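The structure under discussion appears below in the form of structure tokens.
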Amino acid sequence: MGAVYVLGNPSARGGRERLDTVIGALRKRGLDAAEVGGASMAEALDAARAVVRGGADRLLAVGGDGVVSVAVNSVAESATVVGVVPDGTGNDFARALGLLDGDLQAQVERALEEPSRVDAIRTDHGWVATVATLGFSGDVTARANALRWPRGQFRYTVATLLQLPRLRTIPISATLDGRRLDHDTTLLAVGNTSFFGGGMRICPDARTDDGRLQLVSIGDVPRRTFLRVFPSVFSGRHVKRSEVTTDAGTVVTLDAAHGSAEVDLWADGEVLGPLPVTLELVPGALHVAGVRAD
């Protein structure tokens, strides 16, 4: 194995220590390990893309879905293998691929294993590893990102409770593989993996090796009904309810209805960009080390 590049977020709580520990563990294995970083995640993305263009064998993402997103936007459709050492709030990409188990040393070992081909979603605003979403889910993510406590999945639970009084309906124009699917939604998700929001199984039928994306929408429902539907997102049973529609395909274009306020699409825990946006599932766009399950 050639040089191993390590990407993280030193400004995150414990991020610097975690990065140093991972780099130290790699060097103890006799590997040439180098940090990829910058003063911001935008600079880190530029640096990661540069090492990938230079032919990097492997890029390790140390952190949560935001760091994974930077790695994915660097390595997609290249030969560089991405490894994940999960250390974030959501860790949904790692969860979907069975990369959460074990202590730090085990996770580093797994990030050095042989890779599997994994699908990803290409959009007008960049690549998506897990789920792109809008409506209540995007509003909750924004609220969760602003909270300093608690950590992990409970942060999203608290953000959900805080955001419920502001539940809104968004009229969406969607075209999936040439079929028009206009409707009103309180929450819409386009999934490459099952999970978002720290373990919520929003797109339960999404798989990272089937060449398809799953579209899930909770319709125009009052807050009381939404409260009955949303808790079942944790198990994936929400898709059995009449208020929820599902579909699958390879290319979907989303736009807000004419005259609507600007709507942002969120993905991998961060703002992806405003509508309109086209999302295309690209089979095998990523080489991911140590995949255990999906």
Side-chain angles (χ1 to χ4, degrees), residues 1-9 15 18-38 41 44-88 90-122 126-130 192-193 195 206-211 267-268 281-294:
M1 186 181 297
V4 178
Y5 293 90
V6 183
L7 172 71
N9 182 6
R18 186 82 162 182
L19 273 172
D20 291 342
T21 301
V22 170
I23 291 171
L26 293 170
R27 290 175 177 167
K28 284 182 179 179
R29 288 165 173 79
L31 296 171
D32 181 11
E35 181 180 346
V36 178
M41 294 309 284
L45 176 60
D46 289 340
R49 284 174 169 167
V51 300
V52 170
R53 287 194 301 269
D57 288 331
R58 194 163 300 231
L59 178 66
L60 268 58
V62 181
D65 291 314
V67 175
V68 168
S69 177
V70 173
V72 166
N73 276 275
S74 304
V75 306
E77 296 189 303
S78 78
T80 300
V81 175
V82 62
V84 180
V85 180
D87 184 38
N91 296 319
D92 287 311
F93 186 72
R95 178 177 288 101
L97 298 182
L99 305 177
L100 282 180
D101 294 338
D103 59 14
L104 178 63
Q105 297 301 321
Q107 291 169 352
V108 170
E109 289 287 352
R110 191 161 53 230
L112 298 174
E113 291 180 2
E114 289 299 308
S116 300
R117 298 296 290 268
V118 172
D119 302 343
I121 301 174
R122 180 169 51 210
W127 289 86
V128 175
T130 58
N192 177 49
T193 67
F195 300 106
R207 299 289 180 270
T208 60
D209 60 359
D210 64 356
D268 302 331
L281 196 287
V282 180
L286 308 172
H287 301 266
V288 181
V291 173
R292 294 291 189 270
D294 181 16

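Computed from heavy atoms alone, side chains included, the values below leave out hydrogens, waters and symmetry copies. What you see is a predicted model; the values in this text were computed from it and never measured.
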Over all heavy atoms of both residues, which pair between Asp57 and Gly2 is shortest? Give the atoms and the distance, please. OD2-N, 2.7 Å

Say you draw a straight line from NZ of Lys28 to CD1 of Ile23; how long is it, rounded to the nearest 0.5 Å? 13.5 Å

Side-chain touch Val85/Arg110, heavy atoms, less than 4.5 angstrom: no

Check whether any side-chain heavy atom of Leu60 sits under 4.5 Å from a side-chain heavy atom of Val4, and report yes or no. yes

Minimal non-hydrogen separation, Ala44 against Val36, with atom names: O-CG1, 4.1 Å

Say you draw a straight line from CZ of Arg292 to CG of Leu99; how long is it, rounded to the nearest 0.5 Å? 7.5 Å

Within this structure, what is the CE-CG distance for the pair Met41 and Asp46, rounded to the nearest 0.5 Å? 11.5 Å

Quick check: does any side chain N or O of Asn192 sit under 3.5 Å from a backbone N or O of Leu281, one acting as donor and the other as acceptor? no

Does any non-hydrogen side-chain atom of Val6 lie less than 4.5 Å from one of Leu19? yes

Specify the closest pair of heavy atoms between Val82 and Ala71, including all atoms of both residues, with the distance to one decimal. CG2-CB, 3.9 Å

Do any N or O atoms from the side chain of Thr80 and from the backbone of Ala56 form a donor-acceptor pair under 3.5 angstrom? yes

For Leu100, is there any backbone N or O sitting under 3.5 Å from a side-chain donor or acceptor partner on Gln107? yes

Taking side chain as C-beta onward, heavy atoms only, is Tyr5 less than 4.5 Å from Val52? no

Could you list the residues that satisfy salt bridge (charged side-chain N to carboxylate O under 4.0 Å, His left out) with Arg122, not counting sequence neighbours? Glu77, Glu280

Side chains of Asp65 and Phe195: closer than 4.5 Å at any heavy-atom pair? no

Please answer whether the main-chain N or O of Gly284 pairs with a side-chain N or O of Asp119 as donor and acceptor at a distance below 3.5 Å. yes

Apply side-chain contact (heavy atoms from CB on, under 4.5 Å) to the pair Val68 and Val84, showing each step before the final yes or no. CA-CA 7 Å; Val68 168; Val84 180; 4.1 Å; yes

Is there a donor-acceptor pair closer than 3.5 Å between any side-chain N or O of Ser74 and the backbone N or O of Val70? yes

Are the side chains of Val108 and Arg29 in touch, meaning some heavy atoms are under 4.5 Å apart? yes

So does Asn9 get a backbone contact from the side chain of Arg18, meaning a donor-acceptor N/O pair under 3.5 Å? no

Looking only at heavy atoms, the pair that brings Pro283 and Gly211 closest together is CG-CA, 4.1 Å

Within the 4.5 Å heavy-atom criterion, are Asp209 and Val291 side-chain neighbours or not? no

Does a side-chain heavy-atom distance below 4.5 Å link Arg58 with Leu112? yes

Side chain Asp103, main chain Ala106, donor-acceptor under 3.5 Å: yes

Which atoms form the tightest heavy-atom contact between Trp127 and Asn73, and what is the distance? N-OD1, 2.8 Å

Nearest heavy-atom approach of Val67 to Gly8 is CG1-CA, 4.0 Å

With rounding to the nearest 0.5 angstrom, report the CG to OG distance, Leu97 to Ser116. 8.5 Å

So, using salt bridge (charged side-chain N to carboxylate O under 4.0 Å, His left out) as the criterion, who are the partners of Asp268 when residues are at least two apart? none

